[in-house]
**Q** 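Next up is a structure, given as structure tokens.
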2 protein chains.
Amino acid sequence: MTHEHQTPSEGSVPLPRGFLAGAVRAGIRPDIDKLVVGILFSQMPCTAAAVYTSNRVKAAPLLVCQERLADGRAQAVIANSGCANAATGEQGLADARRMAELAAAKLGIRPSDVLVASTGVIGTLLPMERVRDGVSRLELSAAGGPDFARAIMTTDTRPKCAGGQCGRQGKEYSLWAVAKGAGMIHPNMATMLCFIATDAPLAHPYLAVSLREAVDASFNMIDVDSDTSTNDTVIVLANGSAGGDPIDSGHPASATFRSALTDCCIHLAKAIVADAEGATKVIECAVQGGASPADARKAAREVVRSLAVKTAVYGCDPNWGRILAAVGNSGAAMSEEKAVITISAPGNGGVCVYRGAPLPFDAAQARACLASREVNIRVELGLSDGSATAWGSDITEEYVRLNSAYTT
Amino acid sequence: MTHEHQTPSEGSVPLPRGFLAGAVRAGIRPDIDKLVVGILFSQMPCTAAAVYTSNRVKAAPLLVCQERLADGRAQAVIANSGCANAATGEQGLADARRMAELAAAKLGIRPSDVLVASTGVIGTLLPMERVRDGVSRLELSAAGGPDFARAIMTTDTRPKCAGGQCGRQGKEYSLWAVAKGAGMIHPNMATMLCFIATDAPLAHPYLAVSLREAVDASFNMIDVDSDTSTNDTVIVLANGSAGGDPIDSGHPASATFRSALTDCCIHLAKAIVADAEGATKVIECAVQGGASPADARKAAREVVRSLAVKTAVYGCDPNWGRILAAVGNSGAAMSEEKAVITISAPGNGGVCVYRGAPLPFDAAQARACLASREVNIRVELGLSDGSATAWGSDITEEYVRLNSAYTT
């Protein structure tokens, strides 16, 4: 049957054909620090692409991924939580390579086809004995996706999964994606990781461009605490097991696949924001009428970044002055005479709070919108047709408490 | 006597010769919202310069100042707290001009020589009857400086004043400066205002350049909550009553005056950070060895901006990973192998926590430094000789509480 892609589904999304996954707690004693190792494996080689943190301090596993993806191919990812292997110098790089070798030996593939990702404490070396032990005991299966999703969790309170089918003209492709959250609860924990697997056959330049577009519309549009970690990584593996011609920009399924990929990433990006430490709400800011798409992005991101906006939303204060000031502070072209600000929520049509000038509004209705778990702020700039949407968490006393409790 | 400039002094600094000031609570009833009006007046015309917010939403009084300072001359400032007169459209602009006219009529000078500044709630119109009443009752005197300093306070817990003498070869000049703090406690309150008066004779281009330099080294290097208000303004009035040749870049007192001006601004900038809402500490980050001064500025500012660093300092957690990640996130050129991070405090020599790689350090001593009211973080980048210093407040549960308590 021919259909467009489905909405990404919560819960357990099956791994696409030809993929196996698994995870194991590394280290026998339950009283030692958490270290969990997971592997995502394709039984056949994949076209692969990745997007990394913009932080100039890049963790060792990222450097290994950059090397390994020079040829646009990979077949497995080994990931661990509990240690970021960041700021660990030459030894850290050797350890990341060794992780790939351990996985390659277990899977019977070349180390150069194994990607590596780590998340956890910065500045400590990986306990390689425990990694080796974990890899040796790890069991892979087609049902191992949820275990892998849990393996990469650090301070997340729940696993984050998305996926579904997309297709066109009788050909269906599966997408599976998992992510872990951003935010720095424990002293050195941070990092957003996302791993995507698909059985669609994908041409390489097209896959890399599609991933960049999807990340720009999703993970690059969220804000928890404005800090960019040293380990952020999004990896996609496409093994082509669904068969058919390789998808590139001229393929009939091109737009459908790209849209499905972007939807998965947006779904996970919002899940990360919703699970941010101490957060009680997701703030969605949609900017329209920007002088350019880039300007709309700047404005939307600054609104969800602003501590003044985050705290006002937390306090259910319909404080449009803070929203207007954030837009003015974003670097985007804007005119306060042309700007229109509306606050709404799912199921609540909302209320216009500013239209080129202060205007009387129903404060009770605005507060009702702000009391929702998802708060929608729409900013119409009235300049041209640039539009963008960003998502941010609110900031609470609990955020401060979690991030300042000292543990060193 | 010939001497270099003095350190800016706390407490009551006298107004320079020829300056008068005063303030009055506008509105009779004690139960209505606070509105305080202050005037700073020079008995003779002044060379004047100003620096404004980078926010694209600029409050009406800023627009009036920009018009009035086109000729580089002014003779008075009228300022009010309680209403920012921002996002108030044409009526707001008319009100700001009317404020200047009221002051001009009282002082017997031209409205075009009166500057205007406002701070307080965004999006509400000035109660002009009360402003008129306030101006009519306001009394100016040479001893009115402290009243003026208190008049501009919003959520500040104390007035902020700096100044002193500077001079060279028998000629002494006086400097007086007051500021109010940044931060958004009440729903729409924000804004950093600073007013500087001097009896030094100053040539115009030199004064404007010196002010820009002083602001770049001080108010542009502080961070409370990364939000830039719509009303931020720094104004300097120089009436030349000390006599002598106009100071320009070739004058023998040029460097001394510029240094004194910068010291005043740094003193006030630090006072603003120390009085930031909910803050318990001032974090000073000095970056050295940057590839350029601009890079050092970026790195220093990002360290004091990072919520991860702010919360770690609040929690006395010697978490160098967050500092390193902030530097990496700043956009400054850096190499983690060359970076050195030291944490210290006044009277505590401190401890090196990172030197191109994690290193063992005395965590108890590091925590002792972090428990100080002023925490010093030094980052040596080891690339070239770019250096810069920035100051930020820590972030506490109290900050969140103050900023989310709703009042609309």
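By convention in this document, chain letters (A, B, ...) are assigned in the order of the sequence lines, proteins followed by strands, and residues within each chain are numbered from 1. Quantities reported herein were computed from a predicted structural model and do not represent experimental measurements.
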**Q** Spell out, as yes or no, whether a donor-acceptor pair under 3.5 Å connects the side chain of B/Asp95 to the backbone of B/Leu93.
**A**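 No; zero donor-acceptor contacts below 3.5 Å.
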**Q** Between B/Ala333, B/Ala357, B/Gly356, which has the largest tally of heavy atom pairs under 4.5 Å with chain A?
**A**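 Between B/Ala333, B/Ala357, B/Gly356, the count favours B/Ala333.
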**Q** Side chain, backbone, both or neither: which part of A/Ala366 has an atom under 4.5 Å from a heavy atom of chain B?
**A**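 Neither part.
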**Q** Name the region of B/Glu336, side chain, backbone, both or neither, that has any atom closer than 4.5 Å to a heavy atom of chain A.
**A**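 Looking at B/Glu336, just its side chain touches chain A.
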**Q** Select one option (side chain, backbone, both, neither) describing which atoms of B/Ser335 are under 4.5 Å from chain A's heavy atoms.
**A**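 For B/Ser335, neither part sits under 4.5 Å from chain A.
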**Q** Which one, B/Thr396, B/Val57, B/Thr53, leads in non-hydrogen pairs under 4.5 Å with chain A?
**A**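 Most heavy-atom pairs within the cutoff with chain A belong to B/Val57.
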**Q** Do you know which of A/Glu337, A/Gln91, A/Glu397, A/Glu90 has the most heavy-atom pairs under 4.5 Å to chain B?
**A**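 The answer is A/Glu397.
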**Q** Given that the side chain runs from C-beta out, which part of B/Ala339 has a heavy atom under 4.5 Å from chain A: side chain, backbone, both or neither?
**A**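 No part of B/Ala339 comes within 4.5 Å of chain A.
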**Q** Could you tell me whether the side chain of A/Lys281 and the main chain of A/Ser372 form a donor-acceptor pair under 3.5 Å?
**A**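 Not a single qualifying donor-acceptor pair exists.
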**Q** Any side-chain heavy-atom pair from A/Ile283 and A/Ile377 closer than 4.5 angstrom?
**A**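 Side-chain contact under 4.5 Å: yes.
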**Q** Just jot down the salt bridge (charged side-chain N to carboxylate O under 4.0 Å, His left out) partners of B/Asp394, sequence neighbours excluded, or say none.
**A**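 Residues passing salt bridge (charged side-chain N to carboxylate O under 4.0 Å, His left out) with B/Asp394: none at all.
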**Q** Short question: side chain of B/Arg301, backbone of B/Asn220 - any donor-acceptor pair under 3.5 Å?
**A**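 Yes, the answer is positive, given that a donor and an acceptor are paired below the 3.5 Å cut-off.
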**Q** For each of A/Gly92, A/Gly123, A/Ser330, A/Gly89, tally heavy-atom pairs with chain B at distances under 4.5 Å, and name the one with the top tally.
**A**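 Between A/Gly92, A/Gly123, A/Ser330, A/Gly89, the count favours A/Gly123.
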**Q** Is it the backbone or the side chain of A/Thr88 that comes under 4.5 Å from a heavy atom of chain B, or both, or neither?
**A**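 The answer is the backbone of A/Thr88.
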**Q** Can you check whether B/Trp320 reaches B/Ile343 side chain to side chain, under 4.5 Å on heavy atoms?
**A**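 Contact flag for B/Trp320/B/Ile343 side chains = no.
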**Q** Answer yes or no: is there a side-chain heavy-atom contact under 4.5 Å between A/Glu277 and A/Glu398?
**A**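 Of all side-chain heavy-atom pairs linking A/Glu398 with A/Glu277, none is under 4.5 Å.
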**Q** Would you mind telling me which of A/Leu125, A/Val313, A/Leu324 has the largest number of heavy-atom pairs within less than 4.5 Å of chain B?
**A**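 Of the options given, most contacts go to A/Leu324.
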